[in-house]
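Read through the structure below, which is laid out as structure tokens, and then see the notes.
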Amino acid sequence: MVKVAPSILSADFSNLYEEVKKVEDAGADLLHIDVMDGHFVPNITIGPPVISSLRKRSSLPFDVHLMIKDPERYVEDFIKAGANILTVHVESTVHINRLIQTIKEKGALPAVALNPGTPLSTLDYILEDVYMVLIMTVNPGFGGQSFINGMLDKIRELKSKIVSRNLNVLIEVDGGINEKTARQVIEAGADILVAGSAIYNSPDPALVISRLKNLPPT
Ligand code: DX5
Ligand code: ZN
């Protein structure tokens, strides 16, 4: 069954613990935490101190999505703060192979993210080294954007590369996920759905999460 990772980017930050507890109680499998630096993306969000505070009060796996320049400067801090999966963008560093090894050595599961315009060929020589690939289905920076339909082919192609190379790499999708697009990305091969606004803007997050997990095939 597909897993659901609510993104706290759409949460009420003045009430963050309650917002995390809400999705934890509602059946979230992972907590997706978006870290933005105002350079790699135009928005600024949170850093390690907030993550380590939440770590003490949540037992969910933390799926930390770094949208920052020069991520090698900070990966250790984010792992110490409590990241279980640490995702770095291939566009954000010139030494992605070394960064993946560092994340493993420091004790987290390494994942790589691709912006919508970045080709899958950037993964050719690192695919067997990662736990997960995050396919961005919007341009990163903000919640509540519309899903980019062209990314369905990208997910399908990635899935077929993983299968043909006999790997166990998971595919996560992030951006514009709702019931309609979830069904499409699951059919294309997604294993983990990130959803921010669809969950946090709903009066019934548990219902949204359970529907996303149990979508009938089209
Ligand atoms: C966008 C972030 C996403 C965002 C998704 O840059 O990486 O995780 O929170 O938000 P929705 O689900 O509202 O598109
Ligand atoms: Zn994200």
Side-chain angles (χ1 to χ4, degrees), residues 2-13 16 19-20 22-23 26 28-47 50-51 54 60-69 71 74-75 78 83-92 108-118 130-152 154-155 170-186 190-203 205 207-209 211-213 215:
V2 77
K3 291 193 167 160
V4 173
S7 163
I8 56 167
L9 188 61
S10 293
D12 173 0
F13 277 26
L16 199 47
E19 292 281 83
V20 170
K22 179 160 85 181
V23 293
D29 298 291
L30 306 153
L31 189 71
H32 186 82
I33 303 174
D34 288 304
V35 176
M36 305 184 186
D37 67 350
H39 292 276
F40 183 70
V41 289
N43 200 359
I44 301 178
T45 57
I46 59 172
V50 174
I51 295 173
L54 291 175
L60 284 174
F62 282 3
D63 168 28
V64 176
H65 178 191
L66 295 185
M67 286 160 276
I68 63 175
K69 275 196 175 159
Y74 299 103
V75 291
F78 281 101
N84 300 97
I85 303 172
L86 191 60
T87 301
V88 291
H89 272 259
V90 295
E91 309 86 356
S92 68
L109 296 167
V112 288
L114 264 53
N115 284 335
T118 303
V130 297
Y131 171 73
M132 182 179 89
V133 174
L134 169 49
I135 297 292
M136 288 304 307
T137 43
V138 298
N139 286 294
F142 303 94
Q145 303 181 80
S146 297
F147 182 85
I148 301 171
N149 277 309
M151 295 301 102
L152 288 171
K154 195 177 190 181
I155 298 163
L170 297 175
I171 302 178
E172 181 175 61
V173 294
D174 185 6
I177 297 298
N178 53 37
E179 274 185 48
K180 175 174 172 258
T181 55
R183 200 174 298 205
Q184 297 171 314
V185 296
I186 292 167
D191 303 293
I192 304 175
L193 312 178
V194 175
S197 51
I199 292 173
Y200 276 106
N201 294 353
S202 161
L207 182 66
V208 177
I209 291 172
R211 291 179 72 124
L212 288 174
K213 283 198 210 181
L215 285 170

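Bear in mind that the values here come from a model prediction, so they are computed numbers and not experimental data. When a ligand or atom number is given, it counts from 1 through the structure's own listing order.
- The side chain to side chain contact (heavy atoms under 4.5 Å, CB included) with D174 is formed by just one residue from the set I135, D34, L193, T87; it is D34.
- Proximity to G143 (heavy-atom distance under 4.0 Å) selects the following atoms of ligand 1: 10 (O), 13 (O).
- Numbered from 1 in the order shown, with element, the atoms of ligand 1 that lie under 4.0 Å from a heavy atom of H32 read 8 (O).
- Remark: K3 NZ to D63 CG distance equals 11.5 Å, nearest 0.5 Å.
- The angle H32:NE2 - the Zn ion (ligand 2) - H65:ND1 amounts to 100°, with values rounded to 10 degrees.
- Close contacts of ligand 1 with H65, meaning ligand atoms under 4.0 Å from a residue heavy atom, involve 7 (O).
- A donor-acceptor pair under 3.5 Å is formed between the side chain of D191 and the backbone N or O of I171.
- Distances from ligand 1 to the non-hydrogen atoms of G175 include at least one value under 4.0 Å.
- Residue-level check: among N/O/S atoms of D174, OD2 sits closest to the Zn ion (ligand 2).
- Using a 4.0 Å cut-off to heavy atoms of M67, the atoms of ligand 1 that qualify are 6 (O), 7 (O).
- The closest protein non-hydrogen atom to atom 9 (O) of ligand 1 is S7 OG, 2.8 Å.
- The protein heavy-atom contact nearest to atom 12 (O) of ligand 1 is G196 N, 2.8 Å.
- Using a 4.5 Å heavy-atom cutoff, the side chains of F40 and N115 are in contact.
- Contact atoms of ligand 1 toward F142: 1 (C), 6 (O) (distance under 4.0 Å to a heavy atom of the residue).
- Interface atoms of ligand 1 facing S197, defined by a heavy-atom separation under 4.0 Å, are 11 (P), 12 (O), 13 (O).
- The contact set between ligand 1 and D174, taken as ligand atoms under 4.0 Å from a residue heavy atom, comprises 2 (C), 3 (C), 4 (C), 5 (C), 7 (O), 8 (O).
- G176 N, 2.8 Å is the protein heavy atom nearest to atom 14 (O) of ligand 1.
- When you scan the N, O or S atoms of D34 for the one nearest the Zn ion (ligand 2), you land on OD1.
- Between G141 and ligand 1, at least one pair of N/O atoms sits closer than 3.5 Å.
- The shortest N or O to N or O distance between G144 and ligand 1 is below 3.5 Å.
- Residue P140 approaches ligand 1 through these ligand atoms, each under 4.0 Å from one of its heavy atoms: 6 (O).
- Counting heavy atoms closer than 4.0 Å to ligand 1, residue A195 contributes backbone atoms (N, CA, C, O) but none from C-beta onward.
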